[in-house]
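Data first, discussion second: the structure below is written as structure tokens.
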Amino acid sequence: MKKSALRFASLIVISALTGCAAPKPYISPTSGDTAKIRVINNSMGTSDVSATTTCGVSSAKSIASFSTFYKVDKSRADMYGSQEYENKSNVIERVVEAEKDTNFFAGYQGASTNICIVGTAFTPRKNQQYEMRFLGGIGGCSLTVVKLSVVDGQIVKEKINDLHPAKKTCE
């Protein structure tokens with residue numbers, strides 16, 4: 001009984017994250033410190049990446065959605081290497097709040113009951129750029145994040161030292 005209740009609750013959360021209709025457009029911060037993040041989706045089903053500077057999945061707002069069922073926003077935020085991803089529907093770049101611990105949640109819904117949710121958290125730093133890769137599928141979900149910089153004209157991907165588990169609920 002517990003397992004089916006958990007599966008049902010997961011289905012509700014993933015439906016809220018991925019939705020059946022096109023998500024509302026993302027609105028970039030208009031004031032304060034900002035950073036940029038590139039989200040790369042390597043999943044075949046419907047996926048959504050949401051973020052919140054408070055605790056819990058329920059307060060997270062979608063920053064990137066991917067689906068074969070609706071038109072995907074392919075906007076770019078003029079990040080390092082943006083040209084490489086031009087016209088690719090599995091890549092979205094966003095301007096996000098900086099200097100605040102941020103919880104990122106990624107949800108995936110594939111065929112039938114194939115769903116998963118994963119989260120991570122870190123503090124995006126002012127004027128820095130990041131790349132997040134999401135993979136959802138039969139084997140589960142994975143979410144990786146690296147910091148981007150340019151050294152001698154080359155894009156360098158660096159480990160983020162303050163990466164930690166996302167706060168899924170408020171306690």
Exercise. Passes side chain to side chain contact (heavy atoms under 4.5 Å, CB included), Phe105 versus Thr120? Steps please.
Worked result: CA-CA 7 Å; Phe105 300 99; Thr120 194; over 6 Å; no

For this session: Begin with the C-alpha distance, continue with both residues' side-chain angles, and end with the deciding distance and a verdict on side-chain hydrogen bond (donor to acceptor under 3.5 Å, both in side chains) for Ser59 and Thr52.
Result: CA-CA 6 Å; Ser59 65; Thr52 181; 3.0 Å; yes

Exercise. Which is it for Thr123 and Glu99 under the side-chain hydrogen bond (donor to acceptor under 3.5 Å, both in side chains) test, yes or no, and what are the steps along the way?
Worked result: CA-CA 6 Å; Thr123 302; Glu99 304 304 330; over 6 Å; no

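The minimum heavy-atom distance linking Lys36 with Ala77 is given by the pair NZ-O, 2.8 Å. Shortest non-hydrogen contact noted between Gly45 and Tyr108 is N-CE1, 3.3 Å.
When hydrophobic clusters are built by joining Ile, Leu, Val, Met, Phe, Trp and Tyr residues whose side-chain heavy atoms come closer than 4.5 Å, directly or via intermediates, Met79 is not grouped with Val39. Linking Ile, Leu, Val, Met, Phe, Trp and Tyr residues whenever their side-chain heavy atoms come within less than 4.5 Å places Val150 and Leu148 in a single cluster. In the hydrophobic clustering of this structure, Phe66 groups with Val145; members are Ile, Leu, Val, Met, Phe, Trp, Tyr whose side-chain heavy atoms approach within less than 4.5 Å, directly or through other members. Residues Leu163 and Val146 are members of separate hydrophobic clusters, defined by side-chain heavy-atom contacts under 4.5 angstrom among Ile, Leu, Val, Met, Phe, Trp and Tyr. Tyr26 and Val49 fall within a single hydrophobic cluster, where Ile, Leu, Val, Met, Phe, Trp and Tyr side chains are chained together by heavy-atom contacts under 4.5 Å.
Counting only residues at least two apart or on different chains, the side-chain hydrogen bond (donor to acceptor under 3.5 Å, both in side chains) pairs with a member in residues 135-151 are Gln128-Lys147, Ser149-Glu158.
Here the NZ atom belonging to Lys100 is positioned 9.0 Å from the CG atom belonging to Asp33, to the nearest 0.5 angstrom.
In the model, Asp48 has a side-chain atom that pairs as donor or acceptor with a side-chain atom of Ser50 under 3.5 Å. Side chains of Glu97 and Thr102: no donor on one and acceptor on the other come within 3.5 Å.
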Below 3.5 Å, can you tabulate the donor-acceptor pairs from side chains in residues 129-139 to any protein atom, sequence neighbours excluded?
residue: Gln129; atom: OE1; partner: Tyr80; partner atom: N; Å: 2.8
residue: Tyr130; atom: OH; partner: Arg125; partner atom: N; Å: 2.9
residue: Glu131; atom: OE1; partner: Arg38; partner atom: NH1; Å: 3.2
residue: Glu131; atom: OE2; partner: Arg133; partner atom: NE; Å: 3.4
residue: Glu131; atom: OE2; partner: Lys157; partner atom: NZ; Å: 2.9

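Side chain of Asn41 to main chain of Ser43: a donor-acceptor pair is present (N/O by atom type, distance under 3.5 Å, no hydrogens or angles). Remark: the backbone N or O of Arg94 is not paired with any side-chain donor or acceptor of Arg76 at under 3.5 angstrom.
Residues Lys167 and Thr54 are not in side-chain contact: their nearest non-hydrogen atoms beyond the backbone lie 4.5 Å or more apart.
In summary, of the residues considered (Thr34, Thr53, Ile37), a side-chain contact (heavy atoms from CB on, under 4.5 Å) with Val96 occurs for Ile37 alone.
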